[in-house]
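Protein chains get the first letters and strands the later ones, always in sequence-line order, with residue 1 at the start of each.
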Protein chains: 2
Amino acid sequence: MTSRPRPKQSRKLPEQRRAEILRTAARIGLEEGLERITLRRVADALGVRPGLISHYFPVADHLLSEAFAFAATTERGSLLPSDEEELPPVERLARFLVRLTDGDYRDLSRLWLNARHLSRFKDTLREAVGAQESQTRAELVALVGKGVRAGEFTTDDEVRAALHILITVDGLGAYANDDAPQEGPDYGDAAIETAEARLGLAPGTLRARALPARTAAG
Amino acid sequence: MTSRPRPKQSRKLPEQRRAEILRTAARIGLEEGLERITLRRVADALGVRPGLISHYFPVADHLLSEAFAFAATTERGSLLPSDEEELPPVERLARFLVRLTDGDYRDLSRLWLNARHLSRFKDTLREAVGAQESQTRAELVALVGKGVRAGEFTTDDEVRAALHILITVDGLGAYANDDAPQEGPDYGDAAIETAEARLGLAPGTLRARALPARTAAG
DNA sequence: TAAGTTGTTGGCCATGTGCCCAATAAAGGC
DNA sequence: GCCTTTATTGGGCACATGGCCAACAACTTA
């Protein structure tokens with residue numbers, strides 16, 4: 001009856017193991033919070049010993065910041081995918097904002113809230129947050145600029161318009177941990193409306209353009 | 001040589017001691033972060049033993065949430081004082097937003113960021129955050145409504161306008177822990193501009209009205 | 001002045017954290 | 001085949017946290 005369910009040690013290639021650790025830590029940070037990314041928690045999730053995590057990330061804070069960067073990058077890619085289809089900027093922006101508003105991105109908002117607060121105490125995380133913010137800003141500024149040049153958006157200041165949209169997104173994200181209020185109006189569409197106002201779009205445009213127009217072909 | 005610098009015990013009235021603890025905890029939370037509100041940290045600041053803090057707050061999380069509520073209420077009072085002078089709503093709103101933008105309220109933004117994140121894990125804090133949010137919203141909605149009735153503001157939806165201003169404020173607050181960027185534009189006036197746009201005020205009105213008009217009187 | 005109430009202390013325990021180090025075992029080079 | 005490298009383990013240390021509890025002492029009351 002000597003069942004040998006698993007070998008005592010399963011040795012893996014360093015890069016593979018490191019990536020595995022990073023992926024797991026990112027998931028934990030996203031789902032349970034960045035402060036739950038501990039050596040023991042990550043090790044448990046992978047079925048290894050805590051010392052192994054230390055072996056790949058001698059400084060625990062580095063694992064934390066790298067895991068945040070990984071999670072943020074992945075989620076941003078899901079929210080604002082690369083423009084391979086050459087979609088019209090309105091449509092890309094519409095999908096971005098409508099997904100963020102309606103979709104299941106509460107974990108992402110929580111992650112950003114988490115990271116922005118925790119970066120108060122952890123320097124490397126603060127750098128990672130800054131880098132991710134720069135990246136997001138750059139992508140949105142580029143998108144707005146493209147839309148302006150395409151004649152789809154109208155604004156006197158592309159950068160400020162993009163920043164204003166992001167400020168609204170981050171403002172809504174601040175409430176990600178709130179209990180759902182039984183009374184009182186929510187204003188979940190604030191980012192969408194801000195975008196329409198700042199980019200010279202008619203109210204309702206973004207929601208209408210969020211889904212591919214299949215009415216004719218359907 | 002028997003110097004008796006301090007009595008071993010300085011017994012205080014319960015309410016007085018409790019208020020002292022709360023005030024100290026609020027200051028620590030505001031300056032150092034809510035997670036620094038520990039039994040030992042508060043006890044050290046007061047020169048007493050940790051057990052005494054437990055005596056007044058048997059559940060440490062209750063001290064945390066009460067300290068946050070205390071700090072948030074105090075700071076809100078400083079930022080948006082009660083309307084004893086019967087100031088015009090434009091002026092009250094102007095002072096509120098300009099103080100928040102220019103003044104030394106970074107600690108306050110950090111506190112809110114801190115509380116909103118930490119409320120993910122701590123139920124009583126989440127309730128306190130919700131209550132403080134309701135209070136702030138109610139006061140701003142009232143202010144906007146007063147301004148509309150006074151003919152100073154123009155909006156089709158007072159509540160949404162107020163909420164939009166707060167969302168912008170909270171969005172800017174999300175960056176409270178960021179390093180000051182050497183390059184790139186900041187958009188610190190976003191809340192002021194949002195308010196002017198949503199309330200039908202000419203750009204620049206709020207900054208102009210923030211200070212008492214002393215030009216005539218010299 | 002004596003007794004009682006309770007604010008306050010000192011100490012301990014269980015838990016969780018990052019980090020360090022020697023021992024072990026799996027993989028690759030010769 | 002052996003030998004070297006290193007991925008992985010197991011154990012431990014120092015520190016911080018919240019909470020519990022008995023003893024002490026300041027103040028009130030009789």
Side-chain angles (χ1 to χ4, degrees), chain A residues 4-25 28-29 32-68 114 117-118 120-125, chain B residues 2 4-25 28-29 32-68 114 118 120-125:
Chain A
R4 191 158 31 118
R6 289 184 191 180
K8 284 282 180 178
Q9 292 187 15
S10 78
R11 194 190 183 102
K12 296 196 176 181
L13 292 177
E15 304 126 33
Q16 191 178 340
R17 182 67 92 182
R18 198 190 142 90
E20 185 185 45
I21 292 173
L22 215 47
R23 190 173 0 109
T24 303
I28 293 172
E32 306 173 18
L34 293 172
E35 33 276 281
R36 297 275 205 268
I37 300 181
T38 65
L39 302 181
R40 288 164 179 80
R41 179 70 188 84
V42 175
D44 284 351
L46 286 172
V48 298
R49 310 259 69 198
L52 186 60
I53 313 297
S54 283
H55 176 71
Y56 287 95
F57 295 89
V59 178
D61 279 358
H62 292 4
L63 171 59
L64 171 65
S65 55
E66 284 197 45
F68 163 74
N114 197 165
H117 163 64
L118 219 55
R120 175 175 184 175
F121 307 107
K122 298 183 181 294
D123 295 343
T124 59
L125 177 61
Chain B
T2 51
R4 190 157 31 116
R6 288 186 192 180
K8 285 282 181 177
Q9 293 187 13
S10 78
R11 194 190 182 102
K12 296 196 175 182
L13 293 176
E15 304 125 33
Q16 189 178 341
R17 181 67 94 183
R18 196 188 144 92
E20 185 185 44
I21 292 174
L22 214 47
R23 188 170 4 105
T24 303
I28 293 173
E32 306 174 19
L34 293 172
E35 33 276 279
R36 298 272 204 270
I37 300 181
T38 66
L39 302 181
R40 288 165 180 80
R41 179 71 189 82
V42 175
D44 284 351
L46 286 172
V48 298
R49 310 261 69 199
L52 185 60
I53 313 298
S54 283
H55 176 70
Y56 286 94
F57 295 90
V59 179
D61 279 357
H62 292 4
L63 170 59
L64 172 65
S65 54
E66 284 197 45
F68 164 73
N114 196 164
L118 218 56
R120 176 175 184 176
F121 307 106
K122 298 182 181 296
D123 295 342
T124 58
L125 178 60

Name each donor-acceptor pair under 3.5 Å that joins a side chain in residues 34-43 of chain B to protein atoms two or more places apart or in another chain, with its distance.
residue, atom, partner, partner atom, Å
B:Glu35, OE1, A:His117, NE2, 2.9
B:Glu35, OE2, A:His117, NE2, 3.3
B:Glu35, OE2, B:Asn114, ND2, 2.9
B:Thr38, OG1, B:Arg41, N, 3.0
B:Arg41, NE, B:Glu32, OE1, 3.2
B:Arg41, NH2, B:Glu32, OE2, 2.7

Could you list the donor-acceptor pairs under 3.5 angstrom formed between side-chain atoms of residues 59-68 of chain B and any protein atom two or more places apart in sequence or on another chain?
residue, atom, partner, partner atom, Å
B:Asp61, OD1, B:Lys122, NZ, 3.1
B:Ser65, OG, B:Asp61, O, 3.2
B:Ser65, OG, B:His62, O, 3.1
B:Glu66, OE1, B:Arg18, NH2, 2.8
B:Glu66, OE2, B:Arg18, NH2, 2.9

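For the pair A:Arg49 CZ and D:dG12 C1', the computed distance is 13 Å after rounding to whole Å. Distance, B:Arg17 CZ to D:dC27 C1': 14 Å, rounded to whole Å. With rounding to whole Å, B:Ile53 atom CD1 is found 12 Å from C:dG7 atom C1'. A:Leu46 has its CG atom 16 Å from the P atom of D:dA7, to the nearest Å.
A:Leu46 CG to A:Leu52 CG: the interatomic distance, rounded to the nearest 0.5 Å, is 8.5 Å.
Taking a cutoff of 4.0 Å between a charged side-chain nitrogen and a carboxylate oxygen, A:Glu20 and A:Arg23 do not qualify as a salt bridge.
For the side chain to side chain contact (heavy atoms under 4.5 Å, CB included) test, residues two or more places apart in sequence or in another chain that qualify with A:Gln16 are A:Lys12, A:Leu13.
Comparing the end axes of the helix from C:dT1-D:dA30 to C:dC30-D:dG1, each fitted to five base pairs by superposing C1' atoms of four pairs onto the next four, gives an inter-axis angle of 10° (nearest 10 degrees).
Phosphate contact (OP1/OP2 of C:dT8, side-chain N/O of B:Tyr56, threshold under 4.0 Å): present.
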Practice task
Verify side chain to side chain contact (heavy atoms under 4.5 Å, CB included) between B:Ser10 and B:Arg17, making sure each step is shown before the conclusion.
Solution key: CA-CA 10 Å; B:Ser10 78; B:Arg17 181 67 94 183; 3.7 Å; yes

Polar atom pairs (N or O), protein with nucleotides 1-6 of chain C, under 3.5 Å:
residue, atom, partner, partner atom, Å
C:dT6, O2, B:Arg11, NH2, 3.2

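Comparing A:Leu52 and B:Gly51, the nucleotide of DNA chain D nearest to each residue sits closer to the 5' end for A:Leu52.
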Handout entry: B/S/- contact track for nucleotides 13-19 of chain C, protein heavy atom under 4.0 Å
Key = ----BBB

